[in-house]
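Each chain gets a letter, A, B and so on, in the order its sequence line appears, and its residues count up from 1.
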Amino acid sequence: MLEIRNLHATVDGKEILKGINLTINPGEVHAIMGPNGSGKSTLSYVLSGRDGYEVTEGSVTFQGKDLLAMETEERAAEGVFLAFQYPVEIPGVSNTTFLKTALNAVRKHKGLPELDAMQFLKLIRAKAKALNMNDDMIKRAVNVGFSGGEKKRNDILQMAMLEPSFAILDETDSGLDIDALKLVADGVNSLRSPERSMLVITHYQRLLSYIVPDHVHVLAYGKIVRSGGKELALELEAKGYAEFGSPEAA
Amino acid sequence: MAAIATLKDLYETLSPGLPGAGAAGLDRLRADGYARFLADGIPTTKVEGWKYTNLRDLAGVSLAPAQSAANTDFDIPSVAPGKTHRLVFVDGVFNAALSAVGTLPPGVTLDSLRGLIESSPATAAEVLERFPAPKADTGLRVGPNPGRGQSGGLVGLNGAFLAEGAVLTVGEGVTLAQPVEIVFVATAADGAWHPRLLIDVAAGAEVTVAEHHVARGGGATFANIVGGVRVGEGAILRHAKFQEEDDAALHLASVTATVAASATYETFVLTTGGRLARTDVQVRLEGSGASTRVSGAYGVDGSRHADFTSLIDHVAANCTSREVVKGVIDGKGRAVFQGKIIVRPDAQKTDGHQLNRALLLSDTAEIDAKPELEIYADDVKCSHGATAGELDEEALFYLRARGIPADTARALLIAAFLDEVAEEIGDAHLRAYATARIQDRIGRLTGITVDTDVPVLGE
Ligand SMILES: Nc1ncnc2c1ncn2[C@@H]1O[C@H](COP(=O)(O)OP(=O)(O)O)[C@@H](O)[C@H]1O
Ligand SMILES: [Mg+2]
């Protein structure tokens, strides 16, 4: 599904990712944990093609294709999805217009017929209901006036609509109370399938008791310094990240 | 500016043939206009209020009347097709065949100025004089004799050739169910027109007026428009202007409105056409409790220039004004926003709010914004804000990360930016039409048609 080889990336000329290697097979859920500032969000932006994140070395292959050669929208249309650590507010663009435009762009890319307004509405209502989102939230401007938790749910709604084959969840648990966390985790779990892979980025173990990963990696100062099974998350919870050193050591 | 001598010839040649020539009232109005033009001249950038808009382009413009194409088989824009009272002007000349005034309720008149003059020059002169003229004096600071300048010369030019235009009067307490439309269609390659647009809404009356300026084959035409508006006590006037002429056209307009106690004047101006287009709005809130909403949206690209200049004059107490002007500038386009709010000494409890925002889509796009508050009363609430910026990179990335192509994402964000202005429009017909025209303009600007075909939830 996804193969990251010796990935180096800089932001503003500063090297943040210093040789990442990671292979994710279809159906697998990988978790990346690590201290603040270790480069977790940077990795998610590099994978989704954000401007200003420059790859200086290495490669990323997604379903056999060179992911890094694609524009952001092409990656999304090919099935890469990023649930943002900080979902963006877009005043004046309604959730419905946004999602209908996105969904139809992705469908067009896949050679599927576009959905008309009624088909779209039916679909979004069904998906929103599962996330306990009401009509009011769907028709409001994208994330405007949403609480932190509502924003995260909105991102998961987008994921449910777009049905990506590879989803990156960047600290989707931050800012969620326990009920919202369960709701979001249920939403994510319902999307787990043998064809769909996920990269779950989190600072805390808490999320991983709801979205149980197949593999856990520790990212510290731009490198994956340790990998293991789901029990690694519990160990990190107990010991913290101190043993992985300081930026100077990296 | 064509040489003054040429204009003198033109004035002397055309005057005798204008409707009502020889009737004392009209001759005097035209002579006054001509004299004012000679005295004030065309405003230069040295004149306060014209610093950012240079009219040197007028030099190459034909001031002769336009030669209209014979073919009138073009589509006429409408905010509610078939459901309006409509006057149509082709290259500035009233066209009865294309107009459709329909049945007006008692107390309402809608006439072409030419028709009014032809039936009674004396009455026409009387009507013309009833309306406020734009004041050169746009503030207390400049003193009672500001001298040459402002729009005086242009208003004078309009007066010198006074013949065409529209006059709407709505009698006391009458609500006009259908909107009135005044449509100017440019078909000629060049030529000038100087219409006078007069709207008189008596106490307690209510009316919606849409003004269109479009090109149907028209080119480097010059429209020099003077508007006068009176809103009587407790009356409501919703006024929208859609300026969508050819990219080569020149459009200069001023409208002066007086608003009586508890009355409301709403005005919206869309500026998307013309190589140079300026609308100058002056609103005087004269009676306690009067209110106005002034809003504008513009889109300029290429090397086009759009200017929105406003003066909101709080004369009486307890009045409110709200102004929102937003525009998108691409290429080497240039926009000007000048917004002045005056709160006179008696205008206690004034609530005045002004917002101007520009979206710059290229490095060479330019905005000159000059918000001004002149406050002489102490118990007032006034605010203004001006911003200029680029498209939000984070928002663009968010949209693209969901599979939306970059150019569509841009178009969506531009539409969102401008739609906020359309939200200012109270009348549903006008609002829907404004939104559609904004979308159309964005479509031409970006090459993308934004799909907003999403049913309203709950339907
Ligand atoms: N836009 C940026 N400009 C400069 N430095 C950045 C930028 N984004 C992130 N960084 C830096 O990159 C490092 C990694 O940040 P980030 O990927 O957000 O970490 P994490 O998500 O693991 O907390 C940090 O040192 C941060 O300061
Ligand atoms: Mg982060």
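Under the 3.5 Å distance criterion, with hydrogens and angles disregarded, a donor-acceptor pair is assigned to the side chains of B:Tyr398 and A:Gln158.
Heavy-atom contacts from other residues, nucleotides or ligands closer than 6.0 Å to NE2 of A:His30 number more than 12. Within a 6.0 Å sphere centred on CG of A:Asp66, other residues, nucleotides and ligands contribute more than 12 heavy atoms. Environment of NZ in A:Lys110: crowded, with over 12 heavy atoms of neighbouring residues, nucleotides or ligands closer than 6.0 Å. For NZ of B:Lys370, the number of neighbouring non-hydrogen atoms (other residues, nucleotides, ligands) closer than 6.0 Å is greater than 12. More than 12 non-hydrogen atoms from other residues, nucleotides or ligands lie less than 6.0 angstrom from CD of A:Gln63.
Atom CG of B:Leu412 is separated from atom OG1 of A:Thr101 by 5.0 Å, given to the nearest 0.5 angstrom. A distance of 10.0 Å separates CG in A:Leu103 from CD1 in B:Ile404, rounded to the nearest 0.5 Å. Summarising the geometry, atom CG belonging to B:Leu399 is positioned 4.0 Å from atom CD1 belonging to A:Ile90; distances are rounded to the nearest 0.5 Å. A distance of 6.0 Å separates CZ of B:Arg400 from CG of A:Asp51, quoted to the nearest 0.5 Å.
Side chain of A:Glu73 to main chain of B:Ala406: a donor-acceptor pair is present (N/O by atom type, distance under 3.5 Å, no hydrogens or angles). Put simply, the side chain of B:Arg402 never gets that close to the backbone of A:Val106: no donor and acceptor are under 3.5 Å apart.
Of the listed residues (A:Phe98, A:Phe84, A:Tyr45), the greatest number of heavy-atom pairs within a distance under 4.5 Å of chain B belongs to A:Phe84. Interface remark: of the candidates B:Glu394, B:Glu420, B:Glu393, B:Glu394 forms the most heavy-atom pairs closer than 4.5 Å to chain A.
Heavy-atom minimum distance, A:Ala76 versus B:Ala401: CB-O, 3.3 Å. Nearest heavy atom pair, residue B:Phe397 against residue A:Gly49, reads CE1-C, 4.1 Å.
Residue contact with chain B, scored on non-hydrogen atoms closer than 4.5 Å, involves the backbone and the side chain of A:Pro87 alike. No part of A:Arg75 comes within reach of chain B, as not one of its non-hydrogen atoms sits under 4.5 angstrom from that chain.
Proximity of B:Phe417 to A:Pro91: side-chain heavy atoms (C-beta onward) are nowhere separated by under 4.5 Å.
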